[in-house]
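Okay, so here's the structure we're looking at.
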Amino acid sequence: MKPQPSANPSILMEKLVSLCKRRGFIYQSSEIYGGWNGFWDYGPLGAELKRNLRDAWWKQVVHWREDVVGLDASIIMHPAIWKASGHVDTFNDPMHSCPACKKLTRADQILNIAQEQKWYSSLSQTLTKNGLDVPKLQKWLQREAQSQLPNLLAISGPEFSVEFAAKTIVTLAQQITPFDLLRLLACPPGENPNSVTPCPHCGAPLPPARPFNLMLRTHTGPIADDSNLTYLRPETAQAIFAQFKNVYDSSRVKVPFGIAQIGKAFRNEITPRNFTFRSREFEQMELEFFIRPDEATELLTGKLTHYSPELDLTEPQPDWAWDVWHHYWVRQRILFFQTLGLHEGQHLELYWQKPDELAHYAKATVDILFRFPFGTEELEGIAARGDFDLSQHQLHSGKSLEIFEEELKIKAASLPESDRQKFKDKVIQNWGNSGKSAEQAAAFCDKLFTGCYIPHVIEPSLGLDRLALAVLSAAYAEDTVPDAKGNPETRTVLRLHPSIAPIKCAVLPLLKNKPELVAEARRVFLLLRQHLVVEYDEAGAIGRRYRRQDEIGTPFCVTIDFDTIGENGREKKGTVTVRNRDTLKQERIPINQLVPYLLERIAIAPNQNS
RNA sequence: GCGGGUGUAGUUUAGUGGUAGAACUCCAGCCUUCCAAGCUGGCCGCGCGGGUUCGAUUCCCGCCACCCGCACCA
């Protein structure tokens, strides 16, 4: 899916970045030293905004559910965790940087990438059973290679290379791939073709691969050597898997249940870009929701319900298969975004990853994309990871990460032996279809009959910094309002959902030079401060103060005027005006009703299921 | 990491081989009876480091950052 930027995305981004700095939402890290790429600091308002988003997530994912508990793990963990998770291997990819076309290619992906290129199939046709079809190859060099592999050495000296290739191929074994042939065509005379790696994009010979370390490294202990190399976590999820057993044993949870965590993660991104969207230090809000393997569900309930669009996803059911749980969580996550004012269709898009895009561990992944000004990009990923992570940690740590369910054991024991065998045969057949051995399947079933299994997991993983950027860009608006003289004026306003606005309400005396107004305003301010994040402001004309609050997204302004202090009659005494950021309308409210009035309009309603 | 562009106050900008002006913002005071009013005063700047030069914000080099494109994003 290609990003669809809005009308003038860079202008909007510039305005947003500028507002974030001017008003104290987000600053560049280390700015007085020239800044530091990939790192950002949140100012007073940004810190409040982030805290509100964090709280909203924690509330809805942990506190408002009975089946999710929290965790707050260390950032630096045993390096073996990253070996087990696969990050040490996949995050330390050696890469080739092409000096000619400048493209960066993972060393272990060169062949795969080559096979996807246009030239690959046409080049393969020059290889016959008996070796090389030299005239065909010459033709290929003149046509296909000329445009698709312009930096191939054989193009500058075709005669020599073709002859050389033909001779070499005859002397080599019969199994020559098009890529081997390309090596020959990219090989300078006299050199060993096996030592040449041609760029799959342009044909130029590549220099040796260099390691790209995507994990940030440090050393634990005073001496910095390889023996105490440790990593700053590149994701928070692994801590949940590593502590799975402890949480399970200590918190009386039962499958299905989840463990949630919010925390910093670090990645050595090659190019951090787009403001805070891709940074090297970021905060994740992750949930690992553990469910039974489908086989356990089926054994226990005697049935297994797969997903269909008609299925009611409101309340979890015991017979749900993993794909229903996956859909359930996608829906839960959409409902979460709704409570913050981000809506599917308007701001968000769902993208179901295609089978060939899935990571090796994932059974299915949905990306929730947000329409950022610079393009439609991932905000949250919801992956069905099977038992990959817990199995890996069980394997590497040597500690059992299986859980035991009494009811499962009882259920299995209650079945006649023939039914158990039937069940086992079915599992063996199903697993066989996905390439697993009958022994594995049988061992799994035997464990299952004793009530033991490794839970599977659904993982909704959201970037807090991305969420902050998303709500800010969705909220940014410029509208036209009349000024004091009735002339139209452009107003910048952050239409943040009241629940996440950094300041909930500003308290303003209409005039600064009237002590009665100021005194009453201070009283109201101190009253509201006990319940809400409020700000007091008396500087400048009232209109200017409203605009200042508009720009930082404050949903309500309370103004203390002459009615409040009883100058215009008894019936209005003790009332204030509450000005609404979005409608610009004002309501008169008695001071003693202010707190409930505001709280009601700021809160997120629990269990919003629309 | 590569290529191109940019870097003067919080923001937008003017300008110069002899160290800089403006507008808006911000702060203080006066004034002000509801949407960036007015008056007075004030704070704040040549991204960093080196070189050339009597003297560099200006010229040169390096670095850093930002923007655009390429690539990358388990």
Side-chain angles (χ1 to χ4, degrees), chain A residues 9-11 13-15 17-24 27-39 43 82 85-93 95-106 108-109 113 199 201-202 210 212 214-215 234-235 237 267-275 277-280 358-362 374 377-378 381 383 481-493 508-514 517 539-551 557-565 567-568 576-581 584-586:
Chain A
S10 58
I11 307 252
M13 259 333 263
E14 274 171 35
K15 283 180 170 176
V17 172
S18 160
L19 181 133
C20 283
K21 183 179 181 188
R22 184 155 37 90
R23 292 303 190 180
Y27 316 121
Q28 210 180 0
S29 167
S30 318
E31 200 189 78
I32 62 168
Y33 288 97
W36 200 236
N37 190 278
F39 298 91
W82 306 112
S85 68
H87 284 86
V88 169
D89 298 324
T90 57
F91 262 47
N92 286 318
D93 294 328
M95 309 269 275
H96 292 283
S97 179
C98 178
C101 72
K102 310 299 178 199
K103 294 199 175 167
L104 210 56
T105 316
R106 262 170 62 175
D108 61 342
Q109 290 293 319
I113 289 168
C199 174
H201 298 102
C202 76
R210 287 174 298 167
F212 272 64
L214 260 47
M215 278 199 286
E235 61 172 37
R267 289 181 199 184
N268 238 335
E269 295 289 351
I270 295 166
T271 311
R273 208 170 273 196
N274 287 330
F275 199 29
F277 180 79
R278 176 167 291 118
S279 42
R280 293 189 164 125
L358 290 172
H360 60 283
Y361 51 72
F374 46 81
E377 298 279 359
E378 183 182 341
V481 297
D483 67 7
K485 293 172 198 133
N487 300 318
E489 276 258 359
T490 301
R491 173 180 81 132
T492 302
V493 53
L508 319 167
L510 184 60
L511 298 173
K512 184 166 70 162
N513 61 356
K514 296 286 183 290
L517 291 180
I542 189 73
R544 174 184 295 272
R545 283 177 275 159
Y546 286 150
R547 297 297 178 84
R548 272 202 283 256
Q549 297 301 329
D550 288 341
E551 219 178 39
C557 289
V558 164
T559 304
I560 283 70
D561 60 12
F562 291 92
D563 289 355
T564 314
I565 56 173
E567 270 195 13
N568 300 319
V576 293
T577 66
V578 180
R579 179 242 192 207
N580 182 298
R581 175 195 70 199
L584 303 177
K585 296 236 169 70
Q586 291 185 309

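Chain identifiers are assigned alphabetically (A, B, ...) following the order of the sequence lines, protein sequences preceding nucleic acid strands; residue numbering begins at 1 within each chain.
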Exercise. Decide yes or no for E567(A) and L517(A): does some side-chain heavy atom of the first lie under 4.5 Å from some side-chain heavy atom of the second?
Key: no

Quiz item: Got a sec, which residues hit salt bridge (charged side-chain N to carboxylate O under 4.0 Å, His left out) with D561(A), two or more places apart in sequence or on another chain?
Solution: R588(A)

Exercise. Please work out if L584(A) contacts a base, only the sugar-phosphate, or nothing of the nucleic acid, heavy-atom cut-off 4.0 Å.
Key: base

Quiz item: If pairing requires Watson-Crick or G-U wobble contacts with both distances under 3.5 Å, which nucleotide is the partner of rG7(B)?
Solution: rC64(B)

Practice problem: Write down the partner of rG41(B) under the Watson-Crick or G-U wobble criteria, each distance required to be under 3.5 Å. | Solution: rC27(B)

Quiz prompt | Position toward the 5' end of RNA chain B (nearest nucleotide), R273(A) or Y361(A) | solution = R273(A)

Quiz item: rU12(B) and rG7(B): how far apart are their P atoms, nearest whole angstrom?
Solution: 12 Å

Self-check item: For D550(A), the option from R545(A), R581(A), R579(A) that meets salt bridge (charged side-chain N to carboxylate O under 4.0 Å, His left out)
Solution: R579(A)

Practice problem: Applying side-chain contact (heavy atoms from CB on, under 4.5 Å), name anything that partners R273(A), two or more places apart in sequence or on another chain. | Solution: T271(A)

Practice problem: Kindly point out which of rC34(B), rU11(B), rC70(B) is positioned nearest to the side chain of T577(A)? | Solution: rC34(B)

Exercise. Please list, chain by chain and in numerical order, all residues satisfying salt bridge (charged side-chain N to carboxylate O under 4.0 Å, His left out) with R22(A), sequence neighbours excluded.
Key: E551(A)

Quiz item: Mind checking who rG69(B) pairs with, Watson-Crick or G-U wobble, both distances under 3.5 Å?
Solution: rC2(B)

Exercise. Determine the interatomic distance between P on rA28(B) and the same-named atom on rC63(B); round to the nearest Å.
Key: 45 Å

Quiz prompt | Out of rU33(B), rC68(B), rU11(B), whichever nucleotide has its closest atom nearest the side chain of N274(A) | solution = rC68(B)

Listing time: all N or O pairs from protein to nucleotides 24-28 of chain B that are below 3.5 Å?
unit_1, atom_1, unit_2, atom_2, d
rU25(B), OP1, R544(A), NH1, 3.3
rU25(B), OP1, R544(A), NH2, 3.2
rC26(B), OP1, R548(A), NH1, 2.8
rC26(B), OP2, R544(A), NH1, 2.8

Practice problem: Could I get the full list of ring-ring contact (aromatic ring centres under 6.0 Å, His included) partners for F275(A), not counting sequence neighbours? | Solution: W40(A)

Self-check item: Lys/Arg-Asp/Glu bridge criterion (N-O < 4.0 Å) met for K21(A), E31(A)
Solution: yes

Quiz item: What residues, two or more places apart in sequence or in another chain, satisfy side-chain contact (heavy atoms from CB on, under 4.5 Å) together with A541(A)?
Solution: none

Exercise. Provide the distance between the two C1' atoms, one in rU53(B) and one in rU11(B), to the nearest whole Å.
Key: 35 Å

Self-check item: Closest contact, heavy atoms only, E377(A) versus F277(A)
Solution: CB-CZ, 3.3 Å

Practice problem: With sequence neighbours excluded, tell me which residues meet salt bridge (charged side-chain N to carboxylate O under 4.0 Å, His left out) with R280(A). | Solution: none

Quiz item: Considering only rU33(B), rA37(B), rA36(B), which nucleotide approaches the side chain of R547(A) most closely?
Solution: rA36(B)

Quiz item: Considering residues at least two apart in sequence or located in another chain, which fulfil the side chain to side chain donor-acceptor pair (under 3.5 Å) criterion with N568(A)?
Solution: D563(A)

Self-check item: Value in whole Å for how far the P atom of rU11(B) lies from NZ of K15(A)
Solution: 16 Å

Every protein N/O within reach of nucleotides 64-66 of chain B N/O, cut-off under 3.5 Å:
unit_1, atom_1, unit_2, atom_2, d
rC64(B), O2', G34(A), O, 3.2
rA65(B), OP1, N37(A), N, 3.1
rA65(B), O4', G34(A), O, 3.1
rA65(B), O3', Q28(A), NE2, 2.9
rA65(B), O2', Q28(A), NE2, 2.9
rC66(B), OP2, N37(A), ND2, 2.3

Quiz item: So, does the side chain of D561(A) form a donor-acceptor pair with the base of rC34(B) at under 3.5 Å?
Solution: yes

Quiz item: From the list rC35(B), rC34(B), rU11(B), which nucleotide is the closest neighbour of the side chain of T559(A)?
Solution: rC34(B)

Quiz item: Base, sugar-phosphate alone, or nothing: which one does D550(A) contact when heavy atoms must sit under 4.0 Å apart?
Solution: nothing

Self-check item: Length of the line joining E567(A):CD and rU33(B):P, which is rounded to integer Å
Solution: 11 Å

Quiz item: When we call it a touch if two heavy atoms are under 4.0 Å apart, what does E551(A) touch: a base, just sugar-phosphate, or nothing?
Solution: base

Self-check item: Span that lies between the P atom of rA65(B) and that of rA56(B), in whole angstrom
Solution: 27 Å

Self-check item: Pairwise C1' distance for rC46(B) and rC27(B), with rounding to whole Å
Solution: 24 Å

Exercise. Write down the distance separating the C1' atoms in rA23(B) and rG15(B), rounded off to the nearest Å.
Key: 16 Å

Quiz item: Can you find an N or O donor on one side and an acceptor on the other, under 3.5 Å apart, linking the side chain of R545(A) with the base of rC35(B)?
Solution: no

Self-check item: C1'-based separation of rU16(B) from rU58(B) [nearest Å]
Solution: 7 Å

Quiz item: When the P atoms of rG4(B) and rA20(B) are considered, how many whole Å apart are they?
Solution: 34 Å

